[in-house]
Amino acid sequence: DLGLSATSMATISNGKVLIWAGSSATSFGGHTYTVMTLFDPATNRKSKIITTSKGPVQTINTDQEYFCEGTTILANGNVIVSGGQDANRTSIADANGNWSASSNLNIPRGYAASTLTSTGQVFILGGSWQGGSTTPKLGELYTPGQGWKILKNVLPQDFMTNDIAGQYRADNHMW
């Protein structure tokens, strides 16, 4: 138990598991930082950490809160975290758990669906939970080193569910 709330995680290229909270160790909302730990299942060790009263964590400050984000593992093994509470921000974590801010999304979104493409780019779609539900959450494509580009012909309506809340929830993680 790391004492983290609203956590996300990803297995990275070196076999370690990167675990991060929505923001602070015990809550989410109103922060511009988060906390994380890097866990090695082969040795049962947590590394790159600072021990606090709530457990072993490291504070990350990329001016992004990671609650409700889209998460994708890049072709090089890094993890890209997009949107969420800070709806247009994107950050990247490397295999050692070092985080850095990346280029912003063109369309603010939270609870978006994102995936790695066969060309090494990241495709993201939907996410009306954050950033307003009146603007269609068109697809965007991230190219490492170049940033995000809107895909004007990729409409979320073609992928939305028939949720009673309408677009606000019908395109959340494209469930």
Side-chain angles (χ1 to χ4, degrees), residues 1-42 44-52 54-105 107-117 120-131 137 139-140 142 144 148 159 168-169 171-175:
D1 178 19
L2 300 173
L4 301 179
S5 69
T7 57
S8 298
M9 68 176 110
T11 303
I12 49 182
S13 60
N14 58 11
K16 295 180 181 177
V17 180
L18 184 64
I19 305 167
W20 63 96
S23 57
S24 75
T26 58
S27 65
F28 62 90
H31 301 285
T32 55
Y33 66 92
T34 190
V35 292
M36 61 80 65
T37 191
L38 190 60
F39 173 66
D40 186 345
N44 200 31
R45 290 193 53 197
K46 299 168 200 82
S47 60
K48 280 209 56 93
I49 56 173
I50 298 170
T51 302
T52 69
K54 293 293 181 183
V57 295
Q58 175 190 3
T59 301
I60 306 162
N61 189 354
T62 57
D63 202 26
Q64 179 179 1
E65 185 172 334
Y66 300 108
F67 181 68
C68 307
E69 78 285 5
T71 302
T72 304
I73 299 174
L74 296 170
N76 66 2
N78 291 347
V79 177
I80 187 168
V81 177
S82 307
Q85 188 75 15
D86 289 313
N88 68 332
R89 304 223 189 251
T90 299
S91 298
I92 296 177
D94 68 17
N96 296 311
N98 298 308
W99 290 79
S100 59
S102 186
S103 58
N104 286 344
L105 292 162
I107 301 172
R109 55 183 89 226
Y111 286 161
S114 64
T115 190
L116 185 68
T117 69
Q121 297 167 297
V122 175
F123 171 65
I124 194 167
L125 183 66
S128 292
W129 176 84
Q130 188 67 295
K137 304 299 179 167
E140 289 188 64
Y142 173 80
W148 293 95
F159 302 90
Y168 180 74
R169 285 202 337 226
D171 71 350
N172 285 357
H173 294 304
M174 295 316 223
W175 53 24

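Just so it is clear, the model here is predicted, and its values are computed rather than measured.
Atoms CD1 and OH, on Ile80 and Tyr142 in that order, are 4.5 Å from each other to the nearest 0.5 Å. Rounded to the nearest 0.5 Å, atoms CG (Asn96) and CG (Asn78) are 9.5 Å apart. One finds the CH2 atom of Trp129 at 14.5 Å from the CZ atom of Arg109 (value rounded to the nearest 0.5 Å). Rounded to the nearest 0.5 Å, atoms NZ (Lys137) and CG (Asn172) are 10.5 Å apart. To the nearest 0.5 Å, atom CD1 of residue Ile107 and atom CG of residue Leu125 are 9.0 Å apart.
Heavy-atom minimum distance, Ile12 versus Ala95: CD1-O, 3.2 Å. Considering all non-hydrogen atoms of both residues, Gly126 and Asp171 come closest at CA-OD2, 3.4 Å. Across Leu18 and Ala93, no two heavy atoms sit closer than the pair CD2-CB, 3.5 Å. Residues Gly131 and Pro108 approach most closely at CA-CB, 3.8 Å, considering heavy atoms.
The residue from Val122, Thr71, Ile92, Thr90 that alone fulfils the side chain to side chain contact (heavy atoms under 4.5 Å, CB included) condition with Ser82 is Thr90. Paired with Thr72 under the rule side chain to side chain contact (heavy atoms under 4.5 Å, CB included), one option of Leu116, Val79, Val81 passes, and it is Leu116.
With hydrogens and angles ignored, the 3.5 Å screen pairs no side-chain donor or acceptor of Lys16 with any backbone N or O of Lys46. Checking side-chain atoms of Arg45 against main-chain N and O of Asp40 turns up no donor-acceptor pair under 3.5 Å. Side chain of Asn88 to main chain of Asn104: no donor-acceptor pair is present (N/O by atom type, distance under 3.5 Å, no hydrogens or angles).
For Gln130, the side-chain contact (heavy atoms from CB on, under 4.5 Å) partners at least two apart in sequence or on another chain are Gln85, Ala87.
In this pair, Trp20 and Trp99 present their aromatic rings perpendicular. The plane angle is above 60°, beyond the 30 to 60° band.
At least one side-chain heavy atom of Asn44 sits less than 4.5 Å from a side-chain heavy atom of Phe39.
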